[in-house]
Visitor: 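Below you'll find the structure I mean.
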Amino acid sequence: DGKFLAAYTGNDVYLEDMVLKLKNKLEEVGAIDEKVVEEHDGANQRFEFLSKESEDLSKTLTSLEDLVKNLEKEISIKYKTTLAEMSHIFGGYFRLIFGGGKASLAEAASRNQISNIKSQKDSEDILDEEETSGVEIKLDLPNKKVKNLGTLSGGERTLTSIALLFALASMRKPPVMVLDEIDAPLDETNTQKFVRLVKELSRDTQFIIITHNRETMRGADALYGVSMKDGISHLLSLRLQSV
């Protein structure tokens, strides 16, 4: 090394000093530890593995976000279509039960929409309001100035609920429906309407009705009850079709 460095002229002395200093530093560092190399290789492999995993997760996340957007769009379209169909059927049952009038279903306005209508200036209040979802019932009784459920009598609310319930049953046709004292607030005339509707729907659905209403019992195909005799309960059944 000394002979090689001596061949330089000019700045050779400066270069020789730099080389000596670098050699001294290398000697101070010492030989490269094989374990350090192994740790570096292992860390590098781990980094490459995690980088690939991160890339795969990013792609999966993007794919899932697209899937969620498509599902939300499909659900929204299906919801609006079903709600429109349901509203039409509900209106038909409502007119049939009340002998006129009209009723419909609509998507309830969110609190944000209501706040925005009341005051578009107060943006902070709008942001603080939480979104709500649901279905609003709009109705118009014949010969009455009634526009919402809050002003209906108990019997009218029951009839409206029955119209909505039967609209659902006619759309989905469940195999069995259990109604518990649903006819309790009804008078004789309205109970007869209720029984007629049950008979129509019973072609596809079996109805089990818990009731004390004689008109409902009179229209049933079979009666089941409990009788007390000598302190002992007895189950009774009666097939009205065979009577």
Side-chain angles (χ1 to χ4, degrees), residues 78-79 81-108 134-243:
K78 184 67 175 177
Y79 172 76
T81 302
T82 304
L83 183 62
E85 182 183 359
M86 181 70 188
S87 177
H88 176 71
I89 298 175
F90 169 61
Y93 275 106
F94 184 87
R95 289 189 297 273
L96 183 62
I97 291 176
F98 284 95
K102 54 185 179 179
S104 62
L105 301 175
E107 188 175 358
V135 175
E136 180 182 0
I137 298 178
K138 299 180 180 180
L139 49 85
D140 186 5
L141 289 178
N143 303 321
K144 284 188 177 183
K145 294 182 179 181
V146 176
K147 302 295 182 182
N148 57 71
L149 290 173
T151 56
L152 296 179
S153 64
E156 290 169 340
R157 289 186 184 184
T158 300
L159 290 174
T160 302
S161 300
I162 290 173
L164 181 59
L165 181 64
F166 285 176
L168 285 170
S170 64
M171 282 187 64
R172 291 294 177 257
K173 295 180 174 55
V176 179
M177 285 188 68
V178 180
L179 307 178
D180 187 3
E181 299 286 356
I182 192 173
D183 55 351
L186 303 181
D187 56 21
E188 182 176 344
T189 302
N190 287 323
T191 302
Q192 292 173 354
K193 293 180 181 180
F194 166 73
V195 172
R196 284 198 297 270
L197 292 175
V198 169
K199 284 187 173 296
E200 290 180 7
L201 292 172
S202 62
R203 300 168 187 168
D204 301 304
T205 302
Q206 181 181 9
F207 284 87
I208 299 174
I209 303 175
I210 302 171
T211 182
H212 291 85
N213 193 308
R214 293 183 179 180
E215 289 297 326
T216 303
M217 295 181 191
R218 187 178 288 112
D221 296 329
L223 294 177
Y224 299 90
V226 179
S227 176
M228 182 74 71
K229 184 177 181 181
D230 298 331
I232 301 175
S233 298
H234 298 273
L235 296 178
L236 303 176
S237 63
L238 178 62
R239 292 281 179 179
L240 299 182
Q241 290 180 335
S242 60
V243 176

Visitor: Can you check side-chain contact (heavy atoms from CB on, under 4.5 Å) on Phe194 and Thr158, steps first, answer last?
Guide: CA-CA 11 Å; Phe194 166 73; Thr158 300; over 6 Å; no
Visitor: Hey, could you give me the CZ/CD1 distance between Arg95 and Ile97, rounded to the nearest 0.5 Å?
Guide: 11.5 Å
Visitor: Sequence neighbours excluded, which residues qualify as side chain to side chain donor-acceptor pair (under 3.5 Å) partners of Asp183?
Guide: Thr211, Thr216
Visitor: Give every donor-acceptor pair under 3.5 Å between a side-chain atom in residues 197-206 and any protein atom, sequence neighbours left out.
Guide:
residue, atom, partner, partner atom, Å
Lys199, NZ, Gly219, O, 2.8
Ser202, OG, Val198, O, 3.4
Ser202, OG, Lys199, O, 2.6
Thr205, OG1, Pro174, O, 2.6

Visitor: For residues 161-171, please give each side-chain donor-acceptor pair under 3.5 Å, one per line with the distance, not counting sequence neighbours.
Guide:
residue, atom, partner, partner atom, Å
Ser161, OG, Arg157, O, 2.9
Ser170, OG, Phe166, O, 3.3
Ser170, OG, Ala167, O, 2.8

Visitor: Measuring from Leu83:CG to Tyr79:OH, what's the distance to the nearest 0.5 Å?
Guide: 5.0 Å
Visitor: Arg196: what forms a salt bridge (charged side-chain N to carboxylate O under 4.0 Å, His left out) with it, not counting sequence neighbours?
Guide: none
Visitor: Considering all heavy atoms of both residues, which atom of Ser87 and which atom of Leu105 are nearest to each other, and what is their separation?
Guide: OG-N, 3.0 Å
Visitor: How long is the span from the CG atom in Asp140 to the OG atom in Ser104, to the nearest 0.5 Å?
Guide: 10.0 Å
Visitor: For the CD1 atom of Ile182 and the CE atom of Met177, what is their distance to the nearest 0.5 Å?
Guide: 7.5 Å
Visitor: Output all residues satisfying side chain to side chain donor-acceptor pair (under 3.5 Å) with Thr191, sequence neighbours left out; order by chain, then residue number.
Guide: Asn213
Visitor: Using the test side-chain contact (heavy atoms from CB on, under 4.5 Å), find all partners of Ala103 that sit at least two apart in sequence or belong to another chain.
Guide: Phe90, Phe94, Leu139
Visitor: What is the distance from atom CG of Asp180 to atom CD1 of Ile210, rounded to the nearest 0.5 Å?
Guide: 4.0 Å
Visitor: Does a sphere of radius 6.0 Å around NE2 in His234 hold more than 12 heavy atoms from other residues, nucleotides or ligands, not counting ones at 6.0 Å or beyond?
Guide: yes
Visitor: To the nearest 0.5 Å, how far apart are CZ in Arg218 and CD in Gln192?
Guide: 8.0 Å
